Amino acid sequence: MISERVTGALVIRTALPVEAETIADLHFRARSTYYPGGVPQGDIDWAEAWRGSIARPDAHVLCAVAQGRIVGIASFRTDEGAPADTVKLFQFHVDPGHWRAGIGRSLHAACVEEWQADGVRAATLDVHTDNLRAQAFYARLGWAPDPENPPAEGDHHLYLRYDVAGRADGARGADRQADAAGE
C-alpha cells in the first residue's frame, strides 16, 4: 500500500481519519463544478462516509498534498460482486483551485501504481454525464467506455474501464499526453 509518494512538491499518501472533514469539503467543492443545478442535497453525512472509507480494511483512500494542504483525493476498492482482480475508483477529485497543475495525473499514476502492486488487471468508474472535463481527463489517461456496462436509458452516468494489466509501458505515453494537455 502506498503510504507516501513524493512527486516534486506534491506528496501522495494514505488519508488519515482525522482528515475526513477536509476531504468531504474538497469533495463538495469539486462536485459543485459539474452539477448544473447545484449538488443534490441528500441525507449523506459526507465526512462520516469518508471516515468509513478511510477505515475500511479493503479500501484505499489516497490524498494529494501540496504545501501542507489536501488538494486531491482518490478512493478505490474491489466492488461487491466484482472479480477480485478488478477495482472500482469510487471517488477521484482535485480541488478546483488546483486544476491543470498536474495533480490529477500524479494522483492517477499513484492509483495505477497501487493497482499494479495489488495485481489488479482492470479498473472501473462511473462519471456524471455533465462532467465533460472529467470525461476528457480520463480519456487522455486511457480510460474507455466499459463494454460490460453500457449506460441505461436516462442514466446520468457513463461507465469507464481502464486496462491496468496492459499499462506497464503504455501509462507513460498517456502521462505524456496528459502533461501536454496541462493536467
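Keep in mind the model is a prediction, meaning the values are calculated, not measured.
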| request: Kindly indicate, with the supporting measurements, whether the criterion side-chain contact (heavy atoms from CB on, under 4.5 Å) is fulfilled by Ile23 and Trp46. | output: CA-CA 9 Å; Ile23 290 170; Trp46 282 105; over 6 Å; no
So how far is it from [X] [atom1] to [Y] [atom2], rounded to the nearest 0.5 Å?
| X | Y | atom1 | atom2 | answer |
| --- | --- | --- | --- | --- |
| Leu26 | Trp50 | CG | CH2 | 9.0 Å |
| Asp79 | Leu89 | CG | CG | 11.5 Å |
| Arg140 | His108 | CZ | NE2 | 11.5 Å |
| Gln91 | Leu125 | CD | CG | 10.5 Å |
| Asn131 | Asp126 | CG | CG | 11.0 Å |
| Thr78 | Lys88 | OG1 | NZ | 12.0 Å |

| field | Shared hydrophobic cluster, Phe92 / Tyr159 (ILVMFWY, side-chain heavy atoms < 4.5 Å) | value |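 No; tracing contacts between hydrophobic side chains, which count when under 4.5 Å, never links both residues.
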| query | Do Trp115 and Phe90 share a hydrophobic cluster (ILVMFWY, side-chain heavy atoms under 4.5 Å, transitive)? | reply |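 Shared cluster, no.
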Could you tell me which non-hydrogen atom of [X] sits nearest to which non-hydrogen atom of [Y], and how far apart they are?
| X | Y | result |
| --- | --- | --- |
| Leu132 | Thr129 | CD2-O, 3.7 Å |
| Leu158 | Pro151 | CD2-CG, 4.3 Å |
| Phe76 | Cys111 | CE2-SG, 3.8 Å |
| Arg51 | Ala20 | CG-CB, 3.3 Å |
| Ala30 | Val94 | CB-O, 3.9 Å |
| Glu19 | Cys63 | OE1-SG, 4.2 Å |

Check for a donor-acceptor pair, side chain of [X] on one end and backbone N or O of [Y] on the other, with a separation under 3.5 Å.
| X | Y | result |
| --- | --- | --- |
| Asp95 | Gly97 | yes |
| Ser75 | Val61 | no |
| Gln135 | His128 | yes |

| From CA spacing to verdict: side-chain contact (heavy atoms from CB on, under 4.5 Å), Leu10, Val71 | CA-CA 9 Å; Leu10 187 68; Val71 294; 4.1 Å; yes
| message | Pair Asp85, Val120 - check side-chain contact (heavy atoms from CB on, under 4.5 Å), show working. | response | CA-CA 4 Å; Asp85 65 351; Val120 170; 5.7 Å; no
| query | Just wondering, do Leu160 and Asp146 contact through their side chains at under 4.5 Å, heavy atoms? | reply |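 The answer is no; the side chains never approach within 4.5 Å.
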| Is any side-chain heavy atom of Thr124 less than 4.5 Å from a side-chain heavy atom of Arg161? | yes
